Trainee: 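Handing you this structure, nothing more for now.
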Amino acid sequence: KPQFWPRHVCRAQQSTCAVPAFVGLSLDPKRCMAAKGVRTLIVNPSGQEIRGVLTRVLEDAGAVVEELATQAAVAMLVGVAPAPDVRVVASLPSSSEGHDCLLVLGSPFSVCTETKPNDSGVMAPLGLAEDIEGLIRDFDQHGKPVLGICLGAQLIARAFGGAVRRMPCDAAHTSLPVPLDGEQPPRLGMEFGWHTQDFSREAWSDPLVGKALRTLLTQERELPSGRLDLKFHQWHGDTFDVPQGAVCLSTREECPSQAFRVGTCTYAFQYHIEVDQAMAEKWCKMFAQGFDCYAGSDVWAPLRTAGAQSLLERQLTEVTKEGSIRRAETFTANLVRAWLEHAAAAAAARQASAAGGDGLKAESALRSRSRSRSRCKSEEDKAMEVQM
C-alpha cells in the first residue's frame, strides 16, 4: 500500500456499463418543492470557481443561495473576475446561523499553501482555511448538511482530524489522459480528466449517495454487463486521510482518498461532481494552456508534449460519446437534490421544535423525509442487487 493510504480505505466494487439513451436532468416538481426556500451558504474559496451542474439544481429546487468569497482571496486574482453570483465580503460568517446547509467549492490554492507558496508563488489567504473549517464544524454540530468538493473535501477532512498533503510525485500516483512526465517540471502526482470511481458497499447503502446511485441505475436503459461505470472530472494534486470514524464512499487506486461521509450529513468529494459538459470543455483548454488565475497569461506554461492538447480533447470526445458526462451530471443532480431535501427536513424539524411543541411536529417532518426515501425501495433494492 502507498505510504499515505488512509486508515479507512473501503473495498470498492468494479463496474462497467453500456451507453444508454439520453436521460437528462429533468427534476420532479413535487420533489423540488420539498427543498424550496432552503437557505444555502456557498463558500467560494478563490472567488472564481463556477458551479456547473449545481446551478440548475439549486435554481430548480428554489433554494435561497448566498455565495461568498473574501476580499483577500479575490484580491489575489490576476486578469480573472469573480464568479458572477459571488458576493465579496471582508470575512466569512463565524457560525451557521441564518443558513440551513453549507457548500464549499474547490480552489486553485490548497491548505498546503498556507505556509509554503505553490509553483506560482501564491499562498492561501491567511486564516481562510481555518475559518472555513470552523464553519464546517459548526454546521455539522447543528445537524445542518455540509457538502465539500475538491478543496472543500480536504477542508472537511482536516476539520475532523484528517491530514492533507501533496500526492507523491511519481507515476503510481498520477492519472492523466496523456503522459506528461516529459514536461518541465514533470506533471506527476496529480489527477486530471475523467476517471472512474469505485463506490463502496457503504456508498450503495448511504441515504444520499446510495439513493443517487440507485436512482441513476434505474434510469439507465441498457446494462448488458450489469454494472454501472461512473466517471467524474478530477483536477488536483493534494490528498488527505479519511478522518477517524468517517465512512468511505469511493476510492481509486492512484489516489485512494476520494469521497467520504462524516456523521449523518457531512459529505466530501475530492473529485469535481459539479463539472458539466461546458465546464469540461473549458477546463480541457485551460489545462493545455497552463491557465493560472494568479498570474498573467504571458507567464503561463502551456503543455509542450507533442499532441498533448489533441489527446486531451480525444478523451473528452470519448467520455461524451460514451455518456459518462451525462451520467455524472445526472448523479450529481440526484445527489444534491436529496441533500437539499435533507436540509429542508432538518430545518423543518428545528422550527417545529423551537415552536415549543411536544416534538411531534419535528418527528413528523423527519418521518416524511424517511417515507420519501423509501417510496421506491423495492425497485431500487432490485437495482442495487444487480449492481452489487
Side-chain angles (χ1 to χ4, degrees), residues 4 40-51 66-99 102-142 144 146-167 169 185 189-190 235-241 243 257 262 266 268-270 272 290-296 299-301:
F4 68 103
T40 306
L41 174 61
I42 299 179
V43 174
N44 194 326
S46 68
Q48 57 94 45
E49 297 293 318
I50 57 177
R51 304 177 197 165
E66 182 178 27
E67 184 172 353
L68 304 179
T70 64
Q71 293 174 352
V74 171
M76 295 166 55
L77 300 175
V78 177
V80 179
D85 296 319
V86 167
R87 183 163 68 91
V88 181
V89 295
S91 60
L92 297 174
S94 58
S95 76
S96 63
E97 184 177 358
H99 297 96
L102 172 66
L103 173 58
V104 184
L105 300 177
S107 170
F109 60 71
S110 73
V111 298
C112 296
T113 60
E114 289 178 302
T115 58
K116 183 180 179 181
N118 64 10
D119 295 339
S120 300
V122 174
M123 296 180 66
L126 184 64
L128 179 59
E130 289 85 352
D131 290 344
I132 299 175
E133 288 167 11
L135 262 183
I136 290 169
R137 286 190 292 268
D138 192 74
F139 271 82
D140 182 80
Q141 289 167 5
H142 285 86
K144 299 179 179 182
V146 179
L147 177 60
I149 300 172
C150 198
L151 174 62
Q154 296 164 14
L155 292 172
I156 290 175
R158 206 174 71 162
F160 293 99
V164 178
R165 55 184 164 276
R166 292 288 299 170
M167 292 174 62
C169 290
M190 67 180 304
W235 195 348
H236 71 102
D238 293 345
T239 188
F240 54 82
D241 289 332
S257 298
V262 173
T266 294
F269 295 87
Q270 176 61 72
H272 287 273
F291 172 82
D292 187 346
C293 64
Y294 301 123
V299 296
W300 292 355

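Below, all heavy atoms of this structure are taken into account, side chains as well, without hydrogens, waters or symmetry copies. Note that the coordinates shown come from a computational prediction; the quantities given were computed from them, not determined experimentally.
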Trainee: Can you tell me how far the CG atom of Leu103 sits from the CD atom of Glu67, to the nearest 0.5 Å?
Mentor: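 It is 8.0 Å, given to the nearest 0.5 Å.
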Trainee: For a 4.5 angstrom cut-off between non-hydrogen side-chain atoms, does Val164 reach Cys112?
Mentor: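 Yes, their side chains come closer than 4.5 Å.
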Trainee: Any idea how Phe291 and Trp300 line up, ring-wise: parallel (<30°), tilted (30 to 60°), or perpendicular (>60°)?
Mentor: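 Rings of Phe291 and Trp300: perpendicular, as their planes differ by over 60°.
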Trainee: Any idea which heavy atoms bring Gly47 and Ala69 closest together, and the distance?
Mentor: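 Distance-wise, the nearest heavy atoms are CA-CB, 3.6 Å.
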Trainee: Does anything in residues 128-138 pair up under side chain to side chain donor-acceptor pair (under 3.5 Å), and if so which pairs, sequence neighbours excluded?
Mentor: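 Every pair satisfying side chain to side chain donor-acceptor pair (under 3.5 Å) with a residue in residues 128-138: Ser96-Asp138, Glu133-Arg158.
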Trainee: Could you tell me which residues satisfy salt bridge (charged side-chain N to carboxylate O under 4.0 Å, His left out) with Asp238, sequence neighbours excluded, listed by chain and number?
Mentor: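 By the salt bridge (charged side-chain N to carboxylate O under 4.0 Å, His left out) rule, Asp238 matches Arg166.
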Trainee: Looking at every heavy atom in both Pro243 and Ala157, which two are closest together, and how far apart are they?
Mentor: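 The answer is CG-O, 3.6 Å.
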Trainee: Tell me the closest heavy-atom pair linking Cys150 and Trp235, and the distance in Å.
Mentor: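 The answer is SG-O, 3.9 Å.
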Trainee: Pro45 versus Phe109: any side-chain heavy-atom pair under 4.5 Å?
Mentor: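 The answer is yes; the side chains approach within 4.5 Å.
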Trainee: Going from CD1 on Ile156 to CG on Leu151, what distance comes out if it is rounded to the nearest 0.5 angstrom?
Mentor: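 Between atom CD1 of Ile156 and atom CG of Leu151 there are 10.0 Å.
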Trainee: Quick one, Pro108 and Gln48 - any side-chain contact, counting heavy atoms below 4.5 Å?
Mentor: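 Result yes, sub-4.5 Å side-chain heavy-atom pair found.
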Trainee: How close do Ile132 and Leu155 get, counting heavy atoms only, and between which atoms?
Mentor: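 Of all heavy-atom pairs spanning Ile132 and Leu155, the closest is CG2-CD1, 3.6 Å.
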Trainee: What I'd like to find out is whether the side chain of Ile50 reaches to under 4.5 Å of the side chain of Leu105, using heavy atoms alone.
Mentor: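 They are not in contact (no side-chain heavy atoms under 4.5 Å apart), so the answer is no.
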Trainee: Work out which heavy atom in Phe240 is nearest to a heavy atom in Ser257; give both atom names and the distance.
Mentor: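 Residues Phe240 and Ser257, closest heavy atoms: O-OG, 2.6 Å.
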Trainee: Which side-chain N or O atoms in residues 74-93 pair as donor and acceptor under 3.5 Å with protein atoms at least two apart or in another chain?
Mentor:
residue, atom, partner, partner atom, Å
Arg87, NH2, Glu66, OE2, 2.3

Trainee: Tell me, do Leu68 and Val43 make a side-chain contact under 4.5 Å, heavy atoms counted?
Mentor: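 Heavy-atom side-chain distance check fails, nothing below 4.5 Å.
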Trainee: Do Glu49 and Ile149 make a side-chain contact, defined as non-hydrogen atoms from C-beta onward lying under 4.5 Å apart?
Mentor: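 Counting from C-beta outward, Glu49 and Ile149 never come under 4.5 Å.
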Trainee: With rounding to the nearest 0.5 Å, note down the distance linking NZ in Lys144 to CG in Leu135.
Mentor: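 One gets 10.5 Å once the value is rounded to the nearest 0.5 Å.
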Trainee: Do you know the tightest heavy-atom contact between Gly189 and Met167?
Mentor: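 Scanning both residues, the minimum pair turns out to be O-CB, 3.6 Å.
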Trainee: Measuring from His272:NE2 to His236:NE2, what's the distance to the nearest 0.5 Å?
Mentor: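 It is 8.0 Å, given to the nearest 0.5 Å.
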Trainee: Taking the side chain as C-beta and beyond, is there a heavy-atom pair between Phe160 and Ile136 under 4.5 Å?
Mentor: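 When only atoms from C-beta onward are counted, Ile136 and Phe160 do touch, with a gap below 4.5 Å.
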Trainee: Just one of Leu147, Val146, Leu102 clears the side chain to side chain contact (heavy atoms under 4.5 Å, CB included) bar with Thr266, so which one?
Mentor: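 Between Thr266 and the candidates, side chain to side chain contact (heavy atoms under 4.5 Å, CB included) is satisfied uniquely by Val146.
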